[in-house]
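Computed over heavy atoms, backbone and side chain alike; hydrogens, waters and symmetry mates excluded. These numbers were taken from a predicted model, which means no experiment stands behind them. Chain A is the first sequence line, chain B the second, and so forth, proteins listed ahead of strands; every chain is numbered from 1.
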Amino acid sequence: MRLPEPQRREMGENMIPLINVVFLLLIFFMLAGTLAAPEPLQIRPPAATSDAAVENREWMLLLSVDGELALDGVVLPAEALAAAVGKLLQEHPDARLKLKADADLTAAKLIQVMDALRAAGAERIILLTQKAAS
Amino acid sequence: MRIESPARQRSLISLTPLIDVVFILLVFFMLASNFTQLRAIGVTIPAEAGAPAGGEQTVLVRVHADERLELDGQSVQLGELAERIRQVANGQPILVQPVGDARLQTLVTVLDQLAGVPGVSLARP
């Protein structure tokens with residue numbers, strides 16, 4: 001039995017639905033995601049149901065599960081934290097520091113960092129969480 | 001004078017470069033965009049270790065490493081914590097104290113439960 005040879009199609013004809021889908025994906029990723037510089041430490045913030053949104057990513061202190069610190073994207077040794085935060089608070093006295101700490105961090109390490117922050121003059125901070133998955 | 005009508009192009013402009021560029025943009029946005037939505041909880045930093053706890057009465061919530069909770073020495077469930085505190089407290093400050101190796105997630109869960117209660121602050125272990 002001989003099957004008839006399938007008709008050769010124009011290449012452009014097949015590509016148009018593909019381009020449509022790719023364009024839609026592109027628009028989705030452009031609108032739904034926020035572009036941000038990658039952070040120097042891997043941090044999974046704790047989950048909470050709080051719905052107070054965070055306006056910006058300024059003055060963000062990262063605290064990883066091993067106790068590594070980074071302020072505004074620059075990794076700091078623990079001893080340099082108080083000086084860096086003190087300088088920041090001197091330049092912007094109304095700055096509210098945002099602490100993004102890992103969910104698996106122990107409370108003792110958190111208190112250590114908070115002591116350094118208090119020594120540098122910060123009284124209240126904002127603890128960052130992420131929306132609970134449920 | 002007769003002008004030659006231009007030859008009809010059979011297909012559109014070549015699509016391949018367009019698709020290349022769009023794919024590259026798509027890959028860029030997929031890799032560079034960030035979908036985690038950060039939320040905020042305000043926290044007061046606890047006072048220095050040497051500072052006295054103050055003569056006034058406080059309500060103490062202890063958070064243990066195994067997620068047990070204690071309200072003024074009595075064991076309490078997470079779900080009924082806010083209700084119990086409303087019964088016990090009338091205006092006193094409420095201290096949330098992590099014990100030992102309590103994880104930040106446990107602490108945040110408790111702070112989250114107490115979101116509507118005024119006067120909540122952290123206490124050092």
Side-chain angles (χ1 to χ4, degrees), chain A residues 10-13 15-16 18-19 22-23 25-26 28-30 32-39 44-55 57 60 63 65 96 98-111 114-115 117-119 122-132, chain B residues 10-16 18-49 51 62-65 96-116 121-125:
Chain A
E10 287 286 314
M11 178 237 193
E13 207 175 316
M15 294 302 257
I16 289 170
L18 171 71
I19 301 167
V22 171
F23 257 117
L25 281 174
L26 179 63
F28 168 73
F29 278 102
M30 281 173 72
T34 44
L35 282 180
E39 289 172 348
R44 197 173 47 84
T49 56
S50 148
D51 50 5
V54 178
E55 325 79 62
R57 285 160 185 267
M60 192 184 295
L63 178 53
V65 71
R96 267 293 191 80
K98 300 181 186 69
L99 179 61
K100 185 177 176 186
D102 198 285
D104 286 326
L105 194 79
T106 59
K109 264 191 186 135
L110 183 73
I111 297 281
M114 284 188 166
D115 277 346
L117 293 182
R118 173 169 279 269
E123 286 266 314
R124 271 184 78 76
I125 56 165
I126 297 171
L127 194 60
L128 295 186
T129 61
Q130 63 184 350
K131 217 173 166 180
Chain B
R10 275 201 54 241
S11 74
L12 300 167
I13 34 169
S14 168
L15 288 170
T16 322
L18 173 72
I19 300 167
D20 288 349
V21 171
V22 170
F23 259 116
I24 288 170
L25 281 174
L26 179 63
V27 169
F28 169 74
F29 277 101
M30 280 173 73
L31 295 182
S33 51
N34 191 350
F35 284 94
T36 50
Q37 292 187 336
L38 291 177
R39 302 300 163 100
I41 296 182
V43 175
T44 307
I45 301 180
E48 287 297 334
R62 306 187 88 197
V63 182
H64 291 270
V96 179
Q97 184 188 47
V99 179
D101 283 340
R103 288 167 62 233
L104 179 61
Q105 176 66 70
T106 322
L107 197 61
V108 165
T109 311
V110 172
L111 289 178
D112 201 26
Q113 282 287 318
L114 300 180
S121 62
L122 275 186
R124 62 187 52 258

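- With a 4.5 angstrom heavy-atom cutoff, A:I19 touches chain B only via side-chain atoms.
- Of all non-hydrogen atoms in B:S33 and A:G33, the two that sit nearest each other are CB-CA, 3.7 Å.
- Within the 4.5 Å cutoff, the side chain of A:L99 has no heavy atoms near those of the B:V43 side chain.
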- Task: Evaluate the side chain to side chain contact (heavy atoms under 4.5 Å, CB included) criterion for residues A:L35 and B:F29: first the C-alpha distance (whole Å), next the side-chain angles of each, then the deciding distance (0.1 Å), finally the verdict.
- Result: CA-CA 8 Å; A:L35 282 180; B:F29 277 101; 4.0 Å; yes
- Take B:L38 and A:K98 through the test side chain to side chain contact (heavy atoms under 4.5 Å, CB included) and record every step on the way to the result. CA-CA 11 Å; B:L38 291 177; A:K98 300 181 186 69; over 6 Å; no
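- For B:I19, the part lying near chain A is the side chain, with the backbone staying farther off; criterion is any non-hydrogen pair under 4.5 Å.
- In this structure, A:A48 and B:I41 approach most closely via the heavy-atom pair CB-CD1, 4.3 Å.
- Note that CZ of B:R103 is 10.0 Å distant from CG of A:L105, once rounded to the nearest 0.5 Å.
- Put simply, of A:D102, A:I125, A:T106, A:L117, the one with the most heavy-atom pairs under 4.5 Å next to chain B is A:I125.
- B:V108 and A:P46 make their closest contact through CG2-CG, 3.7 Å (heavy atoms, listed as atom of the first residue, atom of the second, distance).
- Interatomic distance, CG of B:L104 versus NZ of A:K109, reported as 12.5 Å (0.5 Å rounding).
- Side-chain atoms of B:D112 come within 3.5 Å of backbone atoms of A:T49 as a donor-acceptor pair (strictly under, hydrogens ignored).
- Contact annotation for A:I111: only side-chain heavy atoms (C-beta onward) come within less than 4.5 Å of a heavy atom of chain B.
- Residue contact with chain A, scored on non-hydrogen atoms closer than 4.5 Å, is absent for B:A115.
- Within 6.0 Å of CG on A:D104 lie more than 12 heavy atoms contributed by other residues, nucleotides or ligands.
- For A:L127, the parts sitting under 4.5 Å from any heavy atom of chain B are the backbone and the side chain alike.
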